[in-house]
Every structure is written in C-alpha cells, then in structure tokens.
Asker: 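Please find one structure pasted underneath; my questions will follow.
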Amino acid sequence: MANDVYEEENQRLVEGLSGKVRALKDLSIDIGHEVKGQNKFLNEVDNDFDSSGGLLSSTMGRLTKMSRAGHGRFMCYLILFALFVFFVLFYVIKFSTGSR
C-alpha cells in the first residue's frame, strides 16, 4: 500500500516534469526561430550599409574632384545648403518632441 502511494506520487512528479521539459523544448525551438530571423535581418541591414557606404564613398570622390576642379563657389553653396537642411531638421525635431 505504501509502495502504491509512492508510485502514484512518482508518476505525478514524472508527468509534471515531462510537461516542463516539453515547455522548455518548445521555448528553445521558438528561440532558435527568432535567432534565425534576427540573423537574416542583420545580414540584410549589413548589406544595406555596405551599399550605402559605397554610394557615400563615390559621392565623396565626386565632391573631392569637384573641389579640386576650382568650383569653389558651388562647393560653398553645397555646404550652405547642407547647413540649412541640418538646421531645418534640428528645429523640426526640437519642436515635434518639445510639444509632447
């Protein structure tokens, strides 16, 4: 009779443990899927940054070539335009976050 009680208790504990193991397995599978998705996303972002870096380096090459060609006036306009855009964006961001 005491053995039956112990056997029932062990069976109940084994069932509880198998449920926890199953939940852990499902969780680890979900984590694996999430990691694969995040790695794919990071690879895409890395490729985007590589292409942007190539575009920026070619643009800088053109700007350097233009500045060496004696087009100082155009370079001055370009710098003034960039500063204007920077300040406009600065004020837009400042006022949009300041109104909250």
Side-chain angles (χ1 to χ4, degrees):
M1 186 174 221
N3 286 338
D4 291 337
V5 172
Y6 289 134
E7 195 170 317
E8 288 175 13
E9 179 70 19
N10 281 340
Q11 187 63 31
R12 187 177 58 78
L13 291 173
V14 165
E15 288 172 4
L17 189 60
S18 67
K20 289 178 183 179
V21 168
R22 194 175 313 112
L24 226 95
K25 179 183 173 188
D26 293 341
L27 182 65
S28 64
I29 289 172
D30 289 343
I31 288 172
H33 291 306
E34 182 67 26
V35 166
K36 286 179 186 176
Q38 292 293 328
N39 280 338
K40 182 180 175 185
F41 173 73
L42 287 174
N43 286 335
E44 291 171 1
V45 168
D46 185 44
N47 291 337
D48 290 344
F49 276 124
D50 285 343
S51 64
S52 298
L55 180 68
L56 284 175
S57 65
S58 66
T59 302
M60 286 303 295
R62 286 188 211 131
L63 284 174
T64 304
K65 187 177 180 181
M66 186 174 86
S67 68
R68 288 184 184 159
H71 300 288
R73 178 183 231 173
F74 294 116
M75 189 62 119
C76 182
Y77 288 145
L78 181 64
I79 290 171
L80 289 173
F81 176 73
L83 287 173
F84 172 75
V85 169
F86 172 76
F87 283 116
V88 167
L89 288 175
F90 174 75
Y91 283 112
V92 166
I93 291 171
K94 181 180 177 183
F95 288 121
S96 69
T97 58
S99 64
R100 291 183 188 169

Asker: Should Arg12 and Glu9 count as an ion pair when the cut-off is N to O under 4.0 Å?
Answerer: yes
Asker: Tell me whether Leu89 shares a hydrophobic cluster with Phe81, the cluster being built from Ile, Leu, Val, Met, Phe, Trp, Tyr side chains joined at under 4.5 Å.
Answerer: yes
Asker: Check this for me: Glu7, atom CD, are more than 12 non-hydrogen atoms of other residues, nucleotides or ligands nearer than 6.0 Å?
Answerer: no
Asker: Can you measure from CG (Leu55) to CG (Asp50) and round to the nearest 0.5 angstrom?
Answerer: 12.5 Å
Asker: Nearest 0.5 Å, please: how far is CG in Leu83 from CZ in Phe90?
Answerer: 13.5 Å
Asker: With rounding to the nearest 0.5 Å, note down the distance linking CG in Leu13 to OH in Tyr6.
Answerer: 13.0 Å
Asker: Do Val92 and Phe84 belong together in a cluster built from hydrophobic side chains that touch within less than 4.5 Å?
Answerer: yes
Asker: Is Met60 reachable from Ile79 through a run of I, L, V, M, F, W or Y residues, each pair having side-chain heavy atoms under 4.5 Å apart?
Answerer: yes
Asker: To the nearest 0.5 angstrom, please state how far the NZ atom of Lys25 sits from the CD1 atom of Ile29.
Answerer: 5.0 Å
Asker: Check whether any side-chain N or O of Asn43 sits under 3.5 Å from a backbone N or O of Asn39 as a donor-acceptor pair, and report yes or no.
Answerer: yes
Asker: As an exercise, state the distance from CZ of Phe41 to CG of Asp46, rounded to the nearest 0.5 Å.
Answerer: 11.5 Å
Asker: Out of curiosity, Leu17 CG to Arg22 CZ, how far, rounded to the nearest 0.5 Å?
Answerer: 10.5 Å
